[in-house]
Q: 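Can you keep this structure in mind? I'll have questions shortly.
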Amino acid sequence: MRKFSLFAAGILCAGLLLALPAMVPAEEIDSLEEKGLEEEGPPGHPYFGTRVDPPYLLIPDSTSDMVGMYSPVDGTYLGDMFEVPQIYGSSSTPINAVPGPDGFIYVSDQVQDAVFRFDMDGNYFDVFADGADGLNNVRGIDFRDGLLYVTSGDDFVAVFDGPHNRLPDFINDGSDPFDILFLPDGRALLTDIQGSTDNVRLYDTDGSLLYEVFPVNFPEQVQIDTELPGAFLNNSFSADLITDFDIDGTIESQIFFNGGRGVYRLENGNLLATAGDGVWELDPVTGDPIEQENTGSARFIELVGGGPAAIEVYMDIKPGNCP
């Protein structure tokens with residue numbers, strides 16, 4: 001039985017797997033994904049600079065380095081909003097494009113070890129954080145109370161209250177975080193790809209581990225499921241599964257999806273999912289592809305605009321689940 005409920009007052013705001021030879025061992029593919037390494041391709045997107053009014057979904061493409069816009073209703077590709085600049089070295093791997101509380105769009109870049117800011121028209125603004133701040137192998141990002149939280153392959157979740165102003169880490173416990181999602185009460189879901197202990201886990205407001213929610217091989221993005229009360233979604237790269245789960249660890253459903261990265265519940269009830277071969281609209285029951293919305297090496301999915309949302313979370317913490 002689910003331990004909490006979710007309701008939305010409006011819309012929530014807040015075939016290549018990789019360009020690799022066919023016989024590359026799975027563990028080597030996992031290692032490349034963990035480090036954000038893959039072949040770069042030509043940008044070549046025909047709709048760059050298209051102006052679209054919110055709400056829309058943002059999805060970075062780490063081959064073209066473009067951040068694309070998609071319909072939150074049915075996943076239709078609406079054009080590319082902006083290109084992530086290559087400031088540090090000759091390559092980049094944008095992972096997560098998130099609207100910030102200050103009206104900027106924040107983009108994490110795994111290979112450039114940085115978080116960039118863009119205005120709402122897609123114009124580049126500045127570098128918010130980078131390797132000089134101790135960042136390395138940057139992945140998913142999220143906001144809580146105006147602070148930016150940044151996951152790192154160096155096994156920590158960093159916290160920033162302004163450009164290049166890093167606070168004490170929120171999490172630094174040996175986990176290998178790939179994404180973080182804050183709940184309305186300040187707790188956080190984290191995807192951990194440490195190795196034999198890969199799992200989705202729940203942290204308290206102070207960054208202390210409450211318990212592991214469920215195990216899954218190489219979990220990437222974790223999202224609130226805006227349709228099913230009390231549910232969350234996770235897309236896993238190596239397990240090839242999209243999981244609909246409750247915060248107490250109950251698995252409500254799972255569908256096969258090869259090499260998954262990002263996931264989002266569309267307004268039409270279907271799932272939008274990303275992988276190394278593009279953006280796909282999926283049947284949420286069977287996992288069958290309905291339409292390929294775009295090609296490229298697509299990453300995490302975030303909503304921009306759409307109005308406020310109200311979410312209630314209730315949970316009974318079982319003592320046996322706590323460390």
Side-chain angles (χ1 to χ4, degrees), residues 3-4 6 14 34 95-96 98-102 106 108-110 113-115 128-216 218-224 230 232-234 236 245-249 300 302 311-323:
K3 299 298 182 182
F4 68 105
L6 174 154
E34 180 179 351
I95 298 291
N96 203 183
V98 176
D102 54 1
Y106 289 68
S108 62
D109 193 300
Q110 189 172 11
D113 304 326
V115 178
F128 188 82
D130 59 14
D133 304 308
L135 295 184
N136 181 53
N137 198 348
V138 173
R139 298 149 175 180
I141 56 178
D142 199 10
F143 284 92
R144 183 182 69 171
D145 297 333
L147 303 179
L148 177 67
Y149 291 74
V150 183
T151 63
S152 167
D154 280 354
D155 301 346
F156 59 77
V157 178
V159 187
F160 291 84
D161 65 356
H164 304 288
N165 193 29
R166 182 173 171 179
L167 304 178
D169 292 343
F170 177 60
I171 297 170
N172 197 329
D173 61 359
S175 58
D176 190 355
F178 213 92
D179 191 27
I180 186 168
L181 173 71
F182 280 102
L183 308 184
D185 60 8
R187 293 174 300 163
L189 285 169
L190 188 87
T191 58
D192 176 24
I193 61 165
Q194 187 58 45
S196 60
T197 61
D198 288 10
N199 60 92
V200 176
R201 44 180 53 196
L202 180 69
Y203 284 84
D204 209 344
T205 56
D206 62 356
S208 59
L209 178 65
L210 291 173
Y211 57 81
E212 296 179 4
V213 182
F214 71 98
V216 64
F218 210 130
E220 293 211 10
Q221 186 171 28
V222 61
Q223 273 277 21
I224 291 174
F232 294 86
L233 296 165
N234 169 248
S236 61
F245 66 96
D246 293 347
I247 208 166
D248 67 355
F300 290 0
E302 301 288 352
I311 303 169
E312 289 185 351
V313 178
Y314 304 96
M315 183 188 69
D316 295 330
I317 297 178
K318 301 177 177 63
N321 287 339
C322 298

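Since the model is a prediction, treat every value here as computed from it, not as a measurement. For the numbers below, each heavy atom of this structure counts, side chains included, while hydrogens, waters and symmetry mates do not.
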Q: Of the non-hydrogen atoms in P101 and G146, which two are nearest, and what is the gap between them?
A: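 Nearest pair, atom of P101 first, then G146: CG-CA, 4.0 Å.
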Q: If you take all heavy atoms of T205 and G186, which pair is closest and at what distance?
A: CG2-C, 3.6 Å
Q: Among D109, D176, T151, N96, find the residue that satisfies the side-chain hydrogen bond (donor to acceptor under 3.5 Å, both in side chains) test when tested with R139.
A: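 Per the side-chain hydrogen bond (donor to acceptor under 3.5 Å, both in side chains) rule, the option paired with R139 is D176, out of D109, D176, T151, N96.
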Q: How many angstroms lie between CG in L209 and CG in L202, if you round to the nearest 0.5 Å?
A: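 Going from CG on L209 over to CG on L202, the span is 8.0 Å.
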Q: Step by step, would you call F143 with D102 a side-chain contact (heavy atoms from CB on, under 4.5 Å)?
A: CA-CA 11 Å; F143 284 92; D102 54 1; 5.6 Å; no
Q: For residues S175 and L190, determine if any side-chain heavy atom of one lies less than 4.5 Å from a side-chain heavy atom of the other.
A: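 Side chain of S175 against side chain of L190, heavy atoms only: contact under 4.5 Å found.
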Q: Without swapping roles, check the side chain of D204 against the backbone of D206 for a donor-acceptor pair under 3.5 Å.
A: no
Q: Measure the shortest side-chain to side-chain distance between Q223 and D179 over non-hydrogen atoms and say whether it is less than 4.5 angstrom.
A: no
Q: Ignoring hydrogens and geometry beyond distance, is a side-chain donor-acceptor pair present between S152 and D154 at under 3.5 Å?
A: no
Q: Heavy-atom distance under 4.5 Å between the side chains of D155 and Q194, does that happen here?
A: yes
Q: What distance separates T197 OG1 from D192 CG, expressed to the nearest 0.5 Å?
A: 5.0 Å
Q: How long is the gap from CD1 on I141 to CZ on F300, to the nearest 0.5 Å?
A: 10.0 Å
Q: Answer yes or no: is there an ion pair linking D133 with R166, defined by an N-O contact shorter than 4.0 Å?
A: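 Looking at R166 together with D133, the answer is no, because their closest N to O distance does not fall below 4.0 Å.
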Q: Can you list every pair that meets ring-ring contact (aromatic ring centres under 6.0 Å, His included) and has a residue in residues 172-199, with sequence neighbours left out?
A: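 Matches after skipping sequence neighbours: Y149-F182, F170-F182, F178-F218.
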Q: With sequence neighbours excluded, what pairs up with N234 under the side chain to side chain contact (heavy atoms under 4.5 Å, CB included) test?
A: T191, V200, F214, V216, P219, S236, F245
Q: Would you say L189 and R201 make side-chain contact, with heavy atoms under 4.5 Å?
A: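 No, too far: nothing below the 4.5 Å cut-off.
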Q: Would you give the length of the straight line joining atom CD1 of I171 to atom CZ of F156, rounded to the nearest 0.5 angstrom?
A: 12.0 Å
Q: Show, in sequence, the C-alpha distance, side-chain angles and deciding distance for F128 and V150, and conclude whether the side-chain contact (heavy atoms from CB on, under 4.5 Å) test is met.
A: CA-CA 11 Å; F128 188 82; V150 183; over 6 Å; no
Q: Once you round to the nearest 0.5 Å, how far does CG of L135 lie from CG of D130?
A: 7.0 Å
Q: Hey, could you give me the OH/CZ distance between Y203 and R187, rounded to the nearest 0.5 Å?
A: 14.5 Å
